[in-house]
Amino acid sequence: MNVHQTLNRAQHEAASHIDGPLLVLAGAGSGKTKVLTHRIANMIETGSVAPFNILAITFTNKAAGEMRSRVNAICREGGSVWVSTFHSLCVRILRREIHNLGYDSSFTILDADDSLRLIKKCLDELNINDKMYPPKSMAAAVGRFKDQMITPEMASRDTPESDFRMANIVDIYKLYSRKLRQNNSLDFDDLISLTVRLFTEYPDILEGYRSRFRYIMVDEYQDTNAAQYELVRLLSERHGNLCVVGDDDQSIYGWRGADIRNILDFEKDFSGAKVVKLEQNYRSTRNILEAANSVIRNNSQRKHKQLWTDSGDGCKIGLNQAASDREEAAFVAGSIAKSRQDGGKYSDNAVLYRSNFLSRAVEEELVKAGIPHRVFGGTRFYDRKEIRDVLAYLRLINNPRDSVSLLRVINVPRRGIGEVTMQKLEAYAASVDKPLFEVFDELENADVGRQSKKLREFREMMVRFHSDAMNYGVAELLGSVLEQTGYIEELKLEATEEAQGRIENIDALVAKALEFEQHAEEPTLAAFLEELALVADIDSFDADADAVALMTIHSSKGLEFDSVYIVGCEEGQFPSYRSLVSETPKELEEERRLAYVGITRARRRLTLTSAFRRWVRGNDVYNRVSRFVREISDDNLENVKMDNQRVDAKHDESEDTTLKSADSKPAERTGISRYAEINKVRNSIDISFGGKNYMQGAKRAADAATREQLEFKPGDRVRLMKYGVGTVLDVKDAGADTELTVEFEGAGKKKILANLSKIKKVEE
DNA sequence: GAATAAATTGTTTTT
DNA sequence: CAATTTATTC
């Protein structure tokens, strides 16, 4: 069989280059998955490579599954090719080898939420103020250390005495690492960095995997971080048969440590590398492609690449500027309903957004319109409280040293063991340097008084679970946990609709466990937990179900739809507020790449929508239309509105609401509140006229009025609940809000958003 | 000492 | 708005 029949010249060139390093720069929609699968088939069919020697690394489990089935479809022996994500590859290696690094192979995999809890514990224990060292930033800082394979010792050595702040962060990193080890737990970043460490410290183990993985392929290479780079380098160094595929314009995980230099420097790092560019796009119409190109053009650091297509113009890109998030959502729902009437399928449509909360309004309107849809991301099924609770029991059974899980379930359902008791126990455990669960054996030393009876009962229950785990399957064990802990019982007693929903979710987990027992290669408890820890929501994406897909642009990477709606195209929303206040243009450029990814998901129709007024966690916010919309040429755009909507009516309604809400604000928010209202009106005026500055004069007048109203100026004394009293150093306009740089007494220098934080002036 | 009610505060994106 | 921290009641 000639597998190259359907490939174009560049695709063929990439698919037939088997030995030596190869970089495929694959623009969006240029058929890179096809190239990868054909390349694998080609290797196997020409008999030059055994399937067993091929490793393909993808970004999500879903992409892995898809590649596996596509390889199988074109080639009989495809089944023994190892296709997986970085994370699952590493887990499989670590389960076999991690004893070399002093861990037990039943290690727990902590997700982001678990590691945040552990970070908070570290802050507590070190007496570090969580206002000055926010746990989330600390978790991110620790993550970046690990991405770059900087150990606590290295970090400590490289930190000068004078850098007080960094020294504290390193202390947190040290303690966090120690706790992880003591808990026999690994976080996501550990999975990669410990594998690298294993390979570095044990060359013979590395050698084993090298001889196994003689041909390596990495998809989405632009999103790899330093540790992943190192892993790939170690594995491929000897034979040099490394093929990476990626697109620097689609690098959207910089915040997770992904280093765009990995792809930019590939030719330098792997000498003799062949480079193939795939520039013909087979996915989208010309209007869509031109829009994508004219947006991404505004970025500075890129490899030169110009996507082109020989398909037709297609329809123009729709632009809907709605008055509110509700109207925006109603527009999307109406538009999808209409396309359905015209004979389309629901599953041809996707609604994409920058952040998860933006799905809310759209969801509600879709429900109202009776349109079937699926939401991916946000709170995943496995993130629900009841599921996490129950899974924590299983994790604790699997790995009794897992203190994070122990603390989660010790009083769930309530059994009268409270915070004070656990604090005493933790203090004692820390003093004898033992995992928490182990000191349940020596309660008499821990000063917990009469609480020790309850603690002992808990311990005995866990022992029973342990023996259940030896004798029964995962589903039965789960049943035993649900019964003995009384978890379901308590929910039944609550007898609310919410509790009923939780019971249903738990039932779904039991069903999942049953299914797992029947189909898993190795139906152990550890394997079950591992599978749940590493699934992404998008992995369950089912293209066959006739439903509209709702997801973040991040999740949509690698997917394509006939018709795509990108909602929330507003400054501060997309690009995100964070990228706008950032000092460097780096973050904004990543937002722009994200816009590029979003736009290029569409095959035939793209609609961008924005809302003048958006309800964001209990507050109205007013933002201008996104710069990314403005970067698209008018030639490719057309305004679209709801079918049965009168334009004047819309304007009347929006002005009216704006003014009314201004009047009804409480009087105490004087200066700043007036400023905010004026700013809101100013923005909405600006947008009402298509953002084309018809109102230059009026806008300047408004600006002047604003400046008069602006209460904050450098030198002002202000108070904020969280940080106390401070002095304003700098005032800066940031979209609809005002950014103040304030020196707080005791808490140091902070950047504060005046409106959002409700900061107040102190009269002296 | 634990359970519950009230106050406060946070802003992305995910393996 | 919702999750988490802090104050109050049992």
Side-chain angles (χ1 to χ4, degrees), chain A residues 57-64 84-91 109-113 115-117 120 130-131 134-136 140 143 147 186-192 220 223-225 227-228 252-258 352-358 360 376-380 383 385 411 414-424 448-451 454 530 533-539 551-557 568 572-582 587 590-591 593-594 597-598 615-621 720-723 734-735 737 752-753 755-759:
Chain A
I57 301 175
T58 59
F59 198 69
T60 61
N61 292 300
K62 176 182 182 278
S84 82
T85 63
F86 269 107
H87 295 269
S88 37
L89 168 72
C90 288
V91 171
I109 302 168
L110 297 190
D111 66 20
D113 189 79
S115 41
L116 193 62
R117 281 163 192 268
K120 283 182 184 160
D130 66 347
K131 302 287 185 289
K136 273 193 182 153
D147 289 340
L186 271 61
D187 64 19
F188 279 127
D189 301 312
D190 283 335
L191 296 178
I192 315 288
E220 309 283 11
D223 287 322
T224 52
N225 61 33
Q228 291 165 331
I252 54 175
Y253 285 92
W255 51 275
R256 212 169 80 181
L352 309 182
Y353 31 81
R354 173 68 240 262
S355 25
N356 281 303
F357 81 92
L358 292 167
R360 196 65 171 261
F376 300 91
T379 24
R380 302 176 329 181
D383 287 337
K385 182 186 174 298
N411 202 29
R414 300 218 169 84
R415 43 177 82 88
I417 303 171
E419 216 171 315
V420 180
T421 307
M422 288 317 286
Q423 257 164 23
K424 283 182 187 164
V448 287
R450 53 198 174 79
Q451 290 296 89
K454 293 172 188 162
E530 175 185 316
L534 296 179
V535 289
D537 215 41
I538 197 69
D539 294 339
M551 65 185 83
T552 62
I553 301 177
H554 279 94
S555 305
S556 77
K557 194 168 73 157
Q573 230 42 260
F574 188 27
S576 76
Y577 159 72
R578 284 275 271 256
S579 67
L580 290 178
V581 293
S582 153
E587 290 187 45
E590 182 153 314
E591 296 284 309
R593 291 194 291 272
L594 196 56
V597 169
W615 188 248
V616 180
R617 346 171 223 253
N619 261 315
D620 270 342
V621 295
L720 186 61
M721 191 62 69
K722 193 168 137 189
Y723 299 120
D737 211 328
I752 306 287
L753 280 184
N755 273 332
L756 186 66
S757 63
K758 296 172 182 142
I759 193 167

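Within the nucleic acid shown, A:Lys424 comes within 4.0 Å of sugar-phosphate atoms alone, with no base atom in reach, counting heavy atoms only. Within 4.0 Å of A:Glu590, counting heavy atoms only, lies no atom of the nucleic acid at all. Among the protein residues, A:Asn411 comes within range of the sugar-phosphate backbone only, with heavy atoms under 4.0 Å from sugar or phosphate atoms but none that close to a base. Using a 4.0 Å heavy-atom cutoff across all strands shown, A:Ser579 reaches no nucleic acid atom at all. The residue A:Tyr253 sits close only to the backbone: its heavy atoms come under 4.0 Å of sugar-phosphate atoms, none of a base.
In terms of modelled atom types and a separation under 3.5 Å, the side chain of A:Asp147 and the main chain of A:Ala227 share no donor-acceptor contact. A donor-acceptor pair is defined here as one N or O able to donate and one able to accept, closer than 3.5 Å; no such pair exists between the side chain of A:Asp187 and the backbone of A:Leu110.
Counting to the nearest Å, the P atom of B:dT12 and the CZ atom of A:Arg593 are 19 Å from each other. With rounding to whole Å, A:Asn619 atom CG is found 14 Å from C:dA2 atom P. The separation between A:Asp113 atom CG and B:dT14 atom P is 15 Å, rounded to whole Å. Between the CZ atom of A:Phe59 and the P atom of B:dT13 there is a distance of 15 Å, given to the nearest Å. Distance CZ (A:Phe357) to P (B:dT14): 13 Å, rounded to an integer number of Å. At whole-Å resolution of the value, CG in A:Asp130 and P in B:dT9 are 12 Å apart. Between the CD atom of A:Glu591 and the C1' atom of B:dT13 there is a distance of 8 Å, rounded to whole Å. In this structure, the CD atom of A:Glu419 is 17 Å from the P atom of C:dT8, given to the nearest Å.
The CG atom of A:Leu580 lies 7.5 Å from the CD atom of A:Glu591; values are rounded to the nearest 0.5 Å.
Nearest-nucleotide assignment on DNA chain B puts the 5′-proximal partner with A:Lys136, out of A:Ala112 and A:Lys136. Two residues, A:Arg415 and A:Gly572, neighbour DNA chain B, and the one matched to the more 5' nucleotide by heavy-atom proximity is A:Arg415.
Here A:Gln451 reaches the OP1 or OP2 of B:dA2: one of its side-chain N or O atoms lies under 4.0 Å away. For the OP1/OP2 pair of C:dT5 and a distance below 4.0 Å, the side-chain nitrogens and oxygens of A:Lys120 include at least one atom meeting the criterion. Side-chain nitrogen and oxygen atoms of A:Arg360 include at least one within less than 4.0 Å of the OP1 or OP2 phosphate oxygen of C:dA2. Considering only side-chain N and O atoms, A:Thr552 lies nowhere under 4.0 angstrom from the phosphate OP1 or OP2 of B:dT12. Contact check, A:Arg414 against B:dT4: a side-chain N or O comes under 4.0 Å of OP1 or OP2. Side-chain nitrogen and oxygen atoms of A:Ser88 include none within less than 4.0 Å of the OP1 or OP2 phosphate oxygen of B:dT15. Residue A:Asn356 places at least one side-chain N or O under 4.0 Å from the OP1 or OP2 atom of B:dT14.
Checking B:dT14, B:dG1, B:dT12 against every side-chain atom of A:Thr421, the shortest atom distance belongs to B:dG1. Closest approach to the A:Arg354 side chain among B:dT12, B:dT14, B:dG1 is made by B:dT12 (side chain taken as heavy atoms from C-beta onward).
Side-chain contact between A:Leu534 and A:Leu191: present, with at least one pair of heavy atoms (C-beta onward) separated by less than 4.5 Å.
To the nearest whole angstrom, the two P atoms, one in C:dT4 and one in B:dT13, are 15 Å apart.
The two residues A:Lys454 and A:Gly416 come nearest to each other via the heavy atoms NZ-O, 3.2 Å.
In this pair, A:Phe188 and A:His87 present their aromatic rings perpendicular. The plane angle is above 60°, beyond the 30 to 60° band.
Between A:Trp255 and B:dT13, a base-stacking contact is recorded: ring centres under 5.5 Å apart, planes less than 30° from parallel.
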